[in-house]
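To start, the structure under review is shown below, and the notes come after it.
Note that ligands are numbered from 1 as they come in the structure, with each ligand's atoms numbered from 1 the same way.
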Amino acid sequence: MVHRREFMLGAGLLAGLSALGWRVAPAGAEGLVAARQYAVGDATVTVLSDGFISIGPDMLFGITPEDFAMMLEAAHLDPASFPAAVNAFLIDSGDRRILVDAGTGTSFGPTLGKLPSVMAALGIDPASIDTVVFTHLHPDHVGGVLAEGGNPFANATLRVAQADVDFFTNEDIKAQAPDGFKPFFDMAAASLAAFGERVEPFDGVIDIAPGLTTMPMPGHTVGHSGLLLENDGGALLIAADVIHVPAVQLARPDVTIGFDTDQDVARATRQRVFDMAATDRLMIAGSHIALPGIGHLERAGDGYRFLPARHQYN
Ligand SMILES: [Zn+2]
């Protein structure tokens with residue numbers, strides 16, 4: 001039962017908020033922007049959703065289909081059509097605007113390629129990005145610079161690990177790759193070319209900007225790199241592709257994915273990064289962790305659990 005007085009109060013509150021300039025978003029898809037914003041020190045990090053891709057048990061190593069189904073059901077997910085998130089990240093420090101990865105672009109079908117519309121909804125002009133960092137050169141991280149109208153990040157310098165540049169532009173390695181992987185090499189090369197002269201590869205640990213440091217996390221690709229943002233007492237580790245299926249790999253960090261260049265190194269890197277994040281109580285973000293895409297890791301049994309970051313009230 002709704003009391004009339006409460007209803008009146010509610011209506012009055014809405015009218016008051018409107019008078020203060022608040023816009024009450026309409027319900028439905030157009031009213032929802034698939035992004036989350038967090039302050040890290042005095043920088044703002046925006047998790048930008050590009051959409052989702054489906055990852056099934058046939059793409060994983062080290063787990064049976066039965067165990068996969070059991071773990072997804074335990075996490076209240078549908079094992080038959082498991083949607084894995086694809087995120088990019090914007091780090092805005094006031095004087096720098098750094099985009100970490102660029103989404104899939106138009107090459108992955110209708111569930112992906114949302115990054116441009118999400119950025120537009122947030123009023124982020126691609127031309128205002130001064131630096132794009134590719135955590136690695138896989139298509140779901142670089143496809144967004146291969147837009148039909150040209151690279152939308154027209155003023156950005158690209159930073160990417162030299163090891164990935166060397167790997168994905170090596171014709172001998174490409175020739176030996178399975179046919180299904182060959183387009184990865186073509187897209188990687190095209191994404192580098194999209195920045196023309198504005199490509200500055202890096203080796204190992206370097207500062208991309210004050211307080212933003214690369215952190216090698218090899219295995220998924222040879223040059224796969226996370227980023228550690230430390231700003232005015234806040235810290236965030238963008239761990240990119242150390243995890244693809246949280247419902248499985250948190251509890252079972254030993255499980256790897258077919259896209260890993262080196263399964264053993266990828267597994268060791270995941271265990272090292274998880275251990276560090278849990279031990280240091282470090283806020284962590286993942287390219288394939290569903291929104292908010294950011295949170296904390298805790299030890300749980302022989303593995304870990306993820307605690308998504310709560311909404312940050314301003
Ligand atoms: Zn990925």
Problem - D262: side chain to side chain donor-acceptor pair (under 3.5 Å) partners, not counting sequence neighbours - result: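 Testing D262 for side chain to side chain donor-acceptor pair (under 3.5 Å), a comparison that skips the adjacent residues, returns none.
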Problem - For R299, all residues meeting side chain to side chain donor-acceptor pair (under 3.5 Å), sequence neighbours excluded - result: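 Testing R299 for side chain to side chain donor-acceptor pair (under 3.5 Å), a comparison that skips the adjacent residues, returns D275, T279.
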Practice task
Could you please tell me which protein N, O or S atoms lie under 2.8 Å from the Zn ion (ligand 1)?
Solution key: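 Short answer, with waters excluded from the count: D140 OD2, H141 NE2, D241 OD2, H288 NE2.
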Problem - Under 3.5 Å side-chain donor-acceptor pair for T131 and R159 - result: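 No, no side-chain donor-acceptor contact under 3.5 Å.
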Practice task
Report the residue from F184, F181, F185 that forms a ring pair (Phe, Tyr, Trp, His ring centres under 6.0 Å) with F168.
Solution key: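 Going through the options one by one, the only one that passes is F185.
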Practice task
Measure the shortest side-chain to side-chain distance between M215 and V273 over non-hydrogen atoms and say whether it is less than 4.5 angstrom.
Solution key: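 No, too far: nothing below the 4.5 Å cut-off.
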Problem - Residues clustering with V40 (ILVMFWY side chains joined when closer than 4.5 Å, directly or via others) - result: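 Hydrophobic cluster check, V40: joined to Y38, V45, V47, F89, I91, I98, V100, V133, F202, I206, I208, L212, L227, L229, L236, I238, M283, L291, I294.
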